[in-house]
Amino acid sequence: MDKTDKPMSVLVVDDEKDIRDACERILTRIGFQVLTASTGAAALEVMSRNSVPILLLDLKMPGMDGMQVLTHVREMDETTLVIMITGFATVETAIEAMKNGAYDFIAKPFEPEQLRIVVNRAAEKMQLLHETRALEEERNRTLADLHTEKTRIRTIVESLPDGVGVTNSQGQMVLMNPAFLQLLDLPPDCAPGKPIEACIADNEFCNLIREISQGWHVDYEDIPSHELDVSDEKFLLARSRPVLGEKNQCLGAVVNLVDITSMKIIDRMKSEFVAKVSHELRSPLSTIHEQLAHVLSEMLEESSGVDPHILQRAKEKTHGLISLIGDLLDLSRIEAGIVTQEPTSVCIDELLKNIVDFMGTRAKGKNQSLLLDLPDQPLPALMADPLALESIFGNLIANALNYTPQGGLIRVRAELAGISIRVSVIDNGFGIGARHLEKIFDRFYRVKDENTRFITGTGLGLPIVKGLVDSLGGFIDVESTPASGSTFTVTLPVKEADSS
Ligand code: ADP
């Protein structure tokens with residue numbers, strides 16, 4: 001018996017007072033709390049008011065005998081351990097009582113030591129039962145907690161305003177919250193188990209999710225986000241990350257969808273606004289520019305005494321504004337996805353030669369060398385809008401000349417790279433600091449430092465170049481070291497004439 005706890009109760013039921021007193025004395029001494037009853041009815045009465053873990057019950061009693069009491073006790077509390085007290089002649093009845101649910105028996109007359117052993121054994125058994133029950137309760141509680149926790153997390157995922165979907169390692173959907181279904185225009189009762197392609201109509205993104213699900217992208221940094229056009233009026237930003245198990249093994253992918261329709265609409269409105277304003281400004285400005293030029297030449301002829309520099313400056317400014325407006329309109333058109341001309345077969349060698357020839361005069365003006373490196377074999381023709389190509393390389397070469405000091409060297413190199421043509425514009429000019437590199441393709445971004453202070457520009461050249469390269473399915477890359485120079489590399493896919 002655990003002596004630190006409250007003493008365990010034993011109820012002694014016997015019609016003989018001596019036995020009751022003897023039991024009480026012996027058991028109290030070893031730490032039990034002893035209750036007594038002289039009849040079966042009195043015993044049941046005590047049990048209805050107290051919790052009695054151990055019952056010492058005389059078999060032979062006047063009135064309700066031990067066997068009857070046992071039957072009632074079993075009905076009242078099946079955990080009570082009943083020890084039958086029997087006479088020599090009634091061992092068989094005692095065995096019968098054991099069959100009916102008594103725990104043990106002790107034969108009269110018994111020695112104190114015998115009583116102690118029997119009752120202590122019952123107390124130990126009772127203690128074990130308590131501990132087992134406590135463990136069982138604890139286990140049930142933990143399971144219930146886990147269940148509640150799972151339900152709670154599920155409720156949170158279900159209530160998220162962003163779309164959340166999870167795939168297994170085979171690329172099948174195993175979880176889709178209501179926002180996920182709603183954003184992708186899927187029916188609300190769409191059941192998991194479908195392949196990702198059945199839910200997202202963007203092959204490139206689905207392939208990426210499959211790769212992530214199979215554990216190809218453990219480095220989170222290199223996972224690109226995607227823009228999904230669900231319809232003309234619904235745009236989503238989609239991101240995906242691997243779901244890793246305890247041993248870092250990939251279990252699948254989680255896909256997060258955010259509705260960016262309103263941002264896209266505002267962006268579109270901004271672009272339309274810029275396009276409209278630019279368009280409205282262009283003609284009056286061009287007229288002013290021409291009239292200024294006219295007035296300027298007349299004044300110079302008449303030598304009117306007006307400082308021609310003032311008018312010259314005004315002419316330069318209007319010219320700058322006209323080219324800004326031209327750039328803005330180009331950019332608006334590119335962003336709206338309007339291709340100016342049908343793609344035709346373009347010989348890139350010829351196109352580059354012409355641009356380099358044309359720019360040669362400007363290079364000479366700054367005492368710069370502008371060289372073109374072409375491979376021995378002619379390059380395959382590109383299916384593209386030739387004006388777009390002229391704009392791309394014209395801008396890059398003009399920048400190289402602009403941002404390279406007097407006497408510098410600019411090389412234009414074209415080569416075949418697999419199924420693409422790669423053109424690099426390499427200069428040994430001012431270079432671009434690392435912190436500016438990411439931003440130079442943003443609209444109106446210009447690096448402002450000692451070297452570039454007096455160079456005029458709009459900050460729209462590179463966004464135009466990037467927009468055009470994107471529209472041709474290519475990509476542009478830049479490497480640069482301040483004070484050493486920059487290399488802009490454009491890679492364009494060679495397409496078959498009939499595949500465009
Ligand atoms: P702009 O030349 O009209 O300023 P761009 O969009 O063409 O606009 O270029 C953005 C900025 O990138 C430039 O202002 C310049 O600071 C930097 N840049 C572009 N090309 C080069 C280059 N070849 N060398 C150094 N800096 C460059």
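Ligands are counted one by one from 1 in listed order, and the atoms in each one are counted from 1 as well. We're numbering straight along the sequence, starting at 1.
For atom 4 (O) of ligand 1, the nearest non-hydrogen atom of the protein is Arg446 NE, 2.5 Å. Protein heavy atom nearest atom 19 (C) of ligand 1, with residue, atom name and distance: Asn399 ND2, 3.6 Å. Annotation: atom 26 (N) of ligand 1 to nearest protein heavy atom, Ile432 CG1, 3.3 Å. Looking from atom 23 (N) of ligand 1 to the surrounding protein, the closest heavy atom is Asp427 OD2, 2.9 Å.
At least one donor-acceptor pair closer than 3.5 Å links the side chain of Thr80 to the backbone N or O of Val52. Without hydrogens or angle criteria, Ser231 side chain to Glu233 main chain gives a donor-acceptor distance under 3.5 Å.
Not a single heavy atom of Ser480 sits less than 4.0 Å from an atom of ligand 1. Heavy atoms of Gly429 stay at 4.0 angstrom or farther from ligand 1. Heavy-atom separations between Phe441 and ligand 1 are all 4.0 Å or longer. Look at Phe430 and you'll find every heavy atom at least 4.0 Å from all atoms of ligand 1.
Each of the atoms 6 (O), 8 (O) of ligand 1 lies under 4.0 Å from some heavy atom of Leu460. Below 4.0 Å from some heavy atom of Ile440 lie the following atoms of ligand 1, by number and element: 12 (O). Interface atoms of ligand 1 facing Pro463, defined by a heavy-atom separation under 4.0 Å, are 6 (O). Numbered from 1 in the order shown, with element, the atoms of ligand 1 that lie under 4.0 Å from a heavy atom of Gly457 read 3 (O).
Among the atoms of Gly459, some N or O lies under 3.5 angstrom from an N or O of ligand 1. Considering backbone and side-chain N/O atoms, Val447 comes within less than 3.5 Å of an N/O atom of ligand 1. Inclusion of Gly461 in the set of residues having an N or O under 3.5 Å from an N or O of ligand 1 is warranted. Taking only nitrogen or oxygen atoms, main chain and side chain alike, Tyr445 does not reach within less than 3.5 Å of ligand 1.
Neither the backbone nor the side chain of Asn395 comes within 4.0 Å of ligand 1, counting heavy atoms alone. Heavy atoms of Leu462 found under 4.0 angstrom from ligand 1 belong to the backbone as well as the side chain.
Of all heavy-atom pairs between Ser420 and Thr491, the closest is CB-CG2, 3.6 Å. Closest non-hydrogen pair, Asn451 versus Ile455, comes out as O-CD1, 3.7 Å. Taking all atoms of both residues into account, the shortest heavy-atom contact from Ile440 to Leu462 is O-CB, 3.5 Å. Heavy atoms only, all atoms of each residue included: Val425 and Ala400 are closest at CG1-CB, 3.9 Å.
Around atom 14 (O) of ligand 1, the closest heavy atom drawn from Tyr403, Phe488, Phe444 belongs to Tyr403.
With Asp162 as the partner, the side-chain contact (heavy atoms from CB on, under 4.5 Å) test is satisfied by one option alone out of Leu236, Leu183, Val258, Asn177: Val258.
Under a cut-off of 6.0 angstrom, the local environment of CG in Asp232 is sparse, with at most 12 non-hydrogen atoms contributed by other residues, nucleotides or ligands.
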Evaluate the salt bridge (Lys or Arg N to Asp or Glu O under 4.0 Å) criterion for residues Asp185 and Lys234: first the C-alpha distance (whole Å), next the side-chain angles of each, then the deciding distance (0.1 Å), finally the verdict.
CA-CA 10 Å; Asp185 290 342; Lys234 196 193 265 186; 2.8 Å; yes
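At a cut-off of 3.5 Å, with distance as the only test, a side-chain donor of Asp449 or Thr452 sits close to an acceptor on the other residue. Side-chain atoms of Ser213 and Thr167 include a donor-acceptor pair closer than 3.5 Å.
Ring-plane geometry between Tyr445 and His436 is classed as tilted, the angle between the planes lying from 30 to 60 degrees on a 0 to 90 degree scale.
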